[in-house]
Asks: 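Have a look at this one before I ask anything.
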Protein chains: 2
Amino acid sequence: MNKTVVIVEDDDGLREQLLKIIGKAPDVKCIGAYASAEEAIRGIQKATPELVLMDIKLPCMSGIQCVAELKKIAPAVQIIMVTVYEDSERIFRALKAGAIGYLVKSSPPSEILAAIRDVSKGASPMSTPIARKIVQHFHSLGASAQQEETLSAREHEVLELLSKGFIYKEIGEQLNIESETVRSHVKNICQKMHVRGRVEAVAKHNR
Amino acid sequence: MNKTVVIVEDDDGLREQLLKIIGKAPDVKCIGAYASAEEAIRGIQKATPELVLMDIKLPCMSGIQCVAELKKIAPAVQIIMVTVYEDSERIFRALKAGAIGYLVKSSPPSEILAAIRDVSKGASPMSTPIARKIVQHFHSLGASAQQEETLSAREHEVLELLSKGFIYKEIGEQLNIESETVRSHVKNICQKMHVRGRVEAVAKHNR
DNA sequence: GCGCGAATCCCCGAAATCGGGGACTGACAA
DNA sequence: TTGTCAGTCCCCGATTTCGGGGATTCGCGC
């Protein structure tokens with residue numbers, strides 16, 4: 001069973017290179033190669049591949065936007081980013097948009113082919129520096145979550161309801177306490193989390 | 001140069017098995033094996049390894065808590081979770097606590113050894129189902145972020161400042177507009193995001 | 001037993017936010 | 001040209017929140 005693949009890459013040299021790599025693999029078939037996001041979207045609507053190799057830096061529409069668009073018209077396509085960018089912001093935006101993997105362009109051909117084969121087996125191929133960036137993201141989340149550890153169980157409940165948009169009166173009703181008590185809790189929460197008000201506390205909480 | 005490793009695993013059989021795997025590798029040296037988090041913390045204070053293989057299910061203190069404690073007393077130790085649990089909640093908690101990698105127990109010996117060797121090269125080894133879980137987490141984040149796409153640039157600015165805890169007046173000063181205008185933006189933001197108030201909008205924004 | 005923190009409830013006046021309107025400009029598209 | 005939409009500003013009264021106090025109970029640990 002051949003895996004059908006499409007390449008989206010504006011640099012002619014790199015596109016040819018990727019085509020060559022895929023051409024050598026007997027179990028992978030390239031059914032399209034486009035130099036822009038717009039072309040890719042049109043092409044993929046006609047011939048939908050199982051997988052897409054996507055560059056981020058594209059003329060006009062970015063690769064990340066393209067991922068979001070492709071996921072709308074063909075949710076089943078698996079998209080692997082292949083790019084030189086290693087900044088966290090782009091990685092997260094690409095993954096949020098729906099990409100299933102993220103490789104740096106310097107990856108050896110074997111790694112790219114392995115990635116293509118592995119996604120259908122449930123993998124999410126990522127180059128080592130990318131994986132590290134993602135883990136570090138969680139570490140920083142943990143650091144800010146540490147302040148929340150000092151919150152009591154009741155305070156956690158209040159904070160949770162607060163972030164759902166309830167006002168003190170409603171929170172009081174749900175916890176069977178007075179709204180004034182809720183307010184006391186909120187005061188303590190703000191002190192403990194070193195924030196100016198409930199809005200910032202909620203922001204920190206959900207970060 | 002030998003890598004120094006410590007094992008924390010309460011199951012005698014599995015601990016012996018891991019010891020055997022590491023014993024066979026010439027470039028890795030096990031300097032301790034503990035059956036509980038408490039023992040591990042005491043032992044690691046005396047003999048600090050470069051890396052720790054950590055089980056999650058431990059008697060009394062959990063492996064995740066142990067990670068947090070170890071990171072406090074020896075921030076430089078790299079910790080790889082080795083566990084049967086594959087639920088997102090535990091994965092995220094472990095990573096937030098400071099773990100650098102996450103392997104399932106069914107991983108072959110070669111993968112475990114490769115993981116130990118790769119962390120010092122900047123990798124964050126993760127079993128394939130774990131990586132996929134993490135990517136899916138980002139996908140779900142993206143779905144909720146989709147509502148935010150309809151927000152205009154100005155509205156984004158306001159939302160950003162709002163989540164930093166500023167009040168309308170302060171936001172107005174920073175953007176050189178009236179606080180009343182800020183309020184108009186907030187009204188529109190709340191409508192577009194289908195939320196009841198600015199607090200919920202901020203919560204959704206940072207989720 | 002005593003202190004301490006968590007949890008509860010209360011009060012005041014001031015400040016901020018909300019709901020629900022209206023109105024003007026400028027840009028860009030149909 | 002005529003919408004439409006983002007962005008700006010304004011008003012009213014009602015509601016909610018804030019700041020800064022105080023007070024009680026209850027359980028836990030020293």
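Chain letters run A, B, ... following the sequence lines, proteins first and then strands; every chain starts at 1. The basis for the numbers below is simple: all heavy atoms, side chains too, and nothing from hydrogens, waters or symmetry mates. Please read these numbers as outputs of a predicted model, since none were measured by experiment.
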Asks: Does B:S107 have any side-chain contact (heavy atoms from CB on, under 4.5 Å) partners at least two apart in sequence or in another chain, and if so, which?
Replies: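 Applying side-chain contact (heavy atoms from CB on, under 4.5 Å) to B:S107 gives B:L103, B:V104, B:E111, B:I112, B:S127.
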Asks: Using whole Å, report how far CG of A:L162 lies from P of D:dC18.
Replies: 8 Å
Asks: Among D:dT8, C:dA6, C:dT8, which nucleotide sits nearest the side chain of B:I177?
Replies: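 Side chain of B:I177 sits closest to D:dT8.
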Asks: Which whole-number value in Å describes the distance from B:I171 CD1 to C:dA16 C1'?
Replies: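 Distance check: B:I171 CD1 to C:dA16 C1' gives 12 Å.
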Asks: Under the rule for salt bridge (charged side-chain N to carboxylate O under 4.0 Å, His left out), what residues qualify as partners of B:K105, not counting sequence neighbours?
Replies: B:E9, B:D55
Asks: Closest-nucleotide mapping onto DNA chain D: is B:S184 or A:G197 further toward the 5' terminus? I mean the 5' end.
Replies: B:S184
Asks: Quick one: B:I189 CD1 to C:dG19 C1', roughly how many Å, whole number?
Replies: 17 Å
Asks: Does C:dC18 have its OP1 or OP2 closer than 4.0 Å to a side-chain nitrogen or oxygen of B:R196?
Replies: no
Asks: Quick check for you: among C:dA7, C:dA6, D:dT17, whose closest atom lies nearest to any side-chain atom of A:I167?
Replies: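 Output: D:dT17.
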Asks: Return the value, rounded to whole Å, for the distance between atom CZ of B:F166 and atom P of D:dC18.
Replies: 16 Å
Asks: Over how many whole Å does the gap from B:Q191 atom CD to C:dG19 atom C1' extend?
Replies: 11 Å
Asks: Just the rounded figure in Å: distance from P of D:dC5 to CD of B:E155.
Replies: 13 Å
Asks: Tell me whether the rings of B:F138 and A:H137 are parallel (<30°), tilted (30 to 60°) or perpendicular (>60°).
Replies: tilted
Asks: Assign each of A:H185 and B:K187 to its nearest nucleotide of DNA chain C by heavy atoms, then name whichever residue's nucleotide is nearer the 5' end.
Replies: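 The residue whose closest nucleotide sits nearer the 5' end is A:H185.
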Asks: Kindly say whether B:Y85 contributes a backbone atom to a donor-acceptor pair with the side chain of B:R90 at under 3.5 angstrom?
Replies: no
Asks: Without swapping roles, check the side chain of B:S124 against the backbone of B:I100 for a donor-acceptor pair under 3.5 Å.
Replies: yes
Asks: Hey, does the side chain of B:E16 reach the backbone of B:D12 with a donor-acceptor pair shorter than 3.5 angstrom?
Replies: no
Asks: Report the nucleotide, chosen from D:dC10, C:dT8, C:dC18, that has the shortest atom-to-atom distance to any side-chain atom of B:E178.
Replies: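 Given the options D:dC10, C:dT8, C:dC18, the side chain of B:E178 is closest to D:dC10.
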Asks: Could one point to a donor on the side chain of A:T181 or the base of C:dC10 with an acceptor on the other under 3.5 Å away?
Replies: no
Asks: Spell out, as yes or no, whether a donor-acceptor pair under 3.5 Å connects the side chain of B:K3 to the backbone of B:K29.
Replies: no
Asks: For the pair made of CG in A:N188 and P in C:dT8, what is the distance, rounded to whole Å?
Replies: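 Rounding to the nearest Å, CG of A:N188 and P of C:dT8 are 11 Å apart.
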Asks: Looking only at side-chain N and O atoms, does B:R198 come under 4.0 Å of OP1 or OP2 in C:dA16?
Replies: no
Asks: Are any of A:Y168's side-chain N or O atoms less than 4.0 Å away from OP1 or OP2 of D:dT15?
Replies: no
Asks: Dump the pairs, protein N or O against N or O of nucleotides 12-14 of chain C, anything under 3.5 Å, distances to one decimal.
Replies:
none

Asks: Measure CD/B:E200 against P/C:dT17 and give the value in whole Å, please.
Replies: 17 Å
